[in-house]
Amino acid sequence: MIKKQNYQDKIIWVIGASSGIGEALVKELASRGAVLALSARRTDELEKLKNSLKGLRHEVFSLDVSELAEVINTAEAIYIKFGRIDSIIFLAAVYSPVKLDNLDPRAIQQMVEINLLGAFHVVHAVLPIVKKQSYGQIALCGSVAGYLGLPGGQPYSATKAGIINLAESLCAELPEPIDIKLISPGFVRTALTDKNNFSMPMMIPPTQAAVFIADGLLKNVFEVHFPKRFTWSLKLLQLLPYKLLLKITSKLNQ
């Protein structure tokens, strides 16, 4: 299949579609002519979203990404329903801000199971499909929170660092035309960032994030990161030697 530089009639599976960036992206993709398979745990919210979209072919597939068998069955059901899956976008995530001396083991387990293990489950489920098709896009949502170890970022940041590493490994292992994308948002105004009590520079609304993602997934790039002024500043920090970098990040804890 020739890679189209638009979304008209593309079959796209969005995981984590019921709110935040996922909901905004679904609306953006539908407005561009995509056919959406919508997944999240909240079926009622997905049905409301489906009914609000332009187009009549969208379908809801409720899903808990922490359950491998459920992910595999859902991927197969979507493939059978539509005959192909052109793009899989993994956006599912949970977040609770916490410092290392006050970790809640149950919260850690939930974040790891959904944010990171869920991504591995999805990749495991869709790889046979995209290989059978000999094409397809797998887009995993990391975060600039995964770029650096920052105060109060754990364990969320660790899961996002894992997503970055997973996407890099997939890109190294899989041949073209299977397209691997890493999505790295900065601060986006959602229910997750509403939990933060610190300054969040260059915050953008989810509708703007959706446009950045939709545009970026069509480009010949590995990473879709935004807003650029913020993300490039963090990328420059990554280049510093640890002695200097850790001195800077430790000051953020004061």
Side-chain angles (χ1 to χ4, degrees), residues 1-43 45-63 65 74-75 77-79 81-93 118-119 122-123 125-126 129-130 133 135-143 163 167 177-186 188-192 204-227:
M1 178 176 177
I2 298 173
K3 185 176 180 181
K4 294 166 59 176
Q5 293 305 309
N6 60 64
Y7 289 104
Q8 190 63 44
D9 295 322
K10 278 190 174 180
I11 308 300
I12 302 180
W13 183 17
V14 181
I15 303 159
S18 61
S19 62
I21 296 174
E23 179 185 4
L25 180 60
V26 162
K27 292 177 179 178
E28 180 67 24
L29 294 175
S31 74
R32 300 190 190 197
V35 179
L36 285 310
L38 310 175
S39 284
R41 289 176 293 177
R42 298 183 294 174
T43 307
E45 294 299 322
L46 292 176
E47 290 290 351
K48 290 178 186 176
L49 177 58
K50 173 190 169 183
N51 293 335
S52 73
L53 298 177
K54 176 183 177 182
L56 301 175
R57 296 172 61 198
H58 314 298
E59 295 288 346
V60 165
F61 298 85
S62 59
L63 175 65
V65 295
T74 302
I78 293 171
Y79 182 72
K81 171 67 180 179
F82 294 106
R84 68 180 196 275
I85 307 177
D86 297 311
S87 180
I88 302 97
I89 306 175
F90 180 84
L91 298 164
V122 168
V123 168
V126 302
I129 294 173
V130 296
Q133 297 176 159
Y135 80 94
Q137 181 183 78
I138 302 172
L140 304 177
C141 189
S143 169
I163 289 287
I178 297 174
D179 180 31
I180 304 300
K181 289 284 193 285
L182 171 66
I183 304 168
S184 300
V188 181
R189 176 68 68 186
T190 67
L192 298 187
I204 63 173
T207 50
Q208 187 176 355
V211 172
F212 281 134
I213 295 171
D215 289 345
L217 293 182
L218 292 176
K219 295 178 181 178
N220 186 27
V221 296
F222 168 66
E223 186 183 19
V224 180
H225 60 97
F226 55 89

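When a residue number appears, it is its place in the shown sequence, counting from 1.
- Within a 6.0 Å radius of CZ in R32, more than 12 heavy atoms belonging to other residues, nucleotides or ligands are found.
- If you take CG on L25 and OG1 on T207, they are separated by 11.5 Å, rounding to the nearest 0.5 Å.
- Note that the CD atom of E223 and the CG atom of L140 stand 12.0 Å from one another [nearest 0.5 Å].
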**Request:** Start with the C-alpha distance between L182 and I163, add both sets of side-chain angles, then the distance that settles side chain to side chain contact (heavy atoms under 4.5 Å, CB included), and finish with yes or no.
**Result:** CA-CA 8 Å; L182 171 66; I163 289 287; 4.2 Å; yes

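- For the residue pair S39 and F61, the shortest heavy atom distance occurs at OG-O, 2.7 Å.
- Rounding to the nearest 0.5 Å gives a distance of 9.0 Å between CD of E45 and CG of L49.
- Rounding to the nearest 0.5 angstrom, the gap separating the CD1 atom in I204 from the OG1 atom in T190 is 10.5 Å.
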**Message:** Applying side chain to side chain contact (heavy atoms under 4.5 Å, CB included) to I88 and V130, what does each step give before you reach the verdict?
**Reply:** CA-CA 10 Å; I88 302 97; V130 296; 4.1 Å; yes

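- In this structure, E59 and L38 have side chains that are not in contact, with every pair of non-hydrogen atoms separated by 4.5 Å or more.
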**Asked** Can I11 and R57 be said to form a side chain to side chain contact (heavy atoms under 4.5 Å, CB included), step by step?
**Response** CA-CA 10 Å; I11 308 300; R57 296 172 61 198; 4.0 Å; yes

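- Q137 places a side-chain N or O within 3.5 Å of a backbone atom of L217 that can act as its donor or acceptor partner.
- Among I138, T74, I89, the one residue that satisfies the side-chain contact (heavy atoms from CB on, under 4.5 Å) test with W13 is T74.
- With contacts defined as side-chain heavy-atom distances shorter than 4.5 Å, the pair Y79/Q133 qualifies.
- Although no hydrogens or angles enter the test, the distance criterion places no donor-acceptor pair under 3.5 Å between the side chain of H225 and the main chain of S184.
- In this structure, E23 and S18 approach most closely via the heavy-atom pair OE1-O, 3.8 Å.
- Put simply, NZ on K10 and CG on L218 are 5.5 Å apart, with the number rounded to the nearest 0.5 Å.
- A pairwise comparison of heavy atoms in L46 and S62 identifies CD1-CA, 4.3 Å as the closest pair.
- Minimum interatomic distance between G22 and L91 (heavy atoms only, all atoms of both residues): CA-CD1, 3.6 Å.
- Under the 3.5 Å distance criterion, the side-chain polar atoms of S87 are left unmatched by any main-chain donor or acceptor of I12.
- Y135 and D86 share a side-chain donor-acceptor pair at under 3.5 Å.
- Smallest separation of non-hydrogen atoms from I180 and A167: CG2-O, 3.6 Å.
- To the nearest 0.5 angstrom, L36 atom CG is 8.5 Å from F82 atom CZ.
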**Request:** Go through F226 and Q208 one step at a time and tell me if the side chain to side chain contact (heavy atoms under 4.5 Å, CB included) criterion holds.
**Result:** CA-CA 10 Å; F226 55 89; Q208 187 176 355; over 6 Å; no

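- Residue R84 comes nearest to D9 through the heavy atom pair NH2-O, 2.7 Å, listed as atom of the first residue, atom of the second, then distance.
- At least one donor-acceptor pair under 3.5 Å links the side chain of K181 to the backbone N or O of V221.
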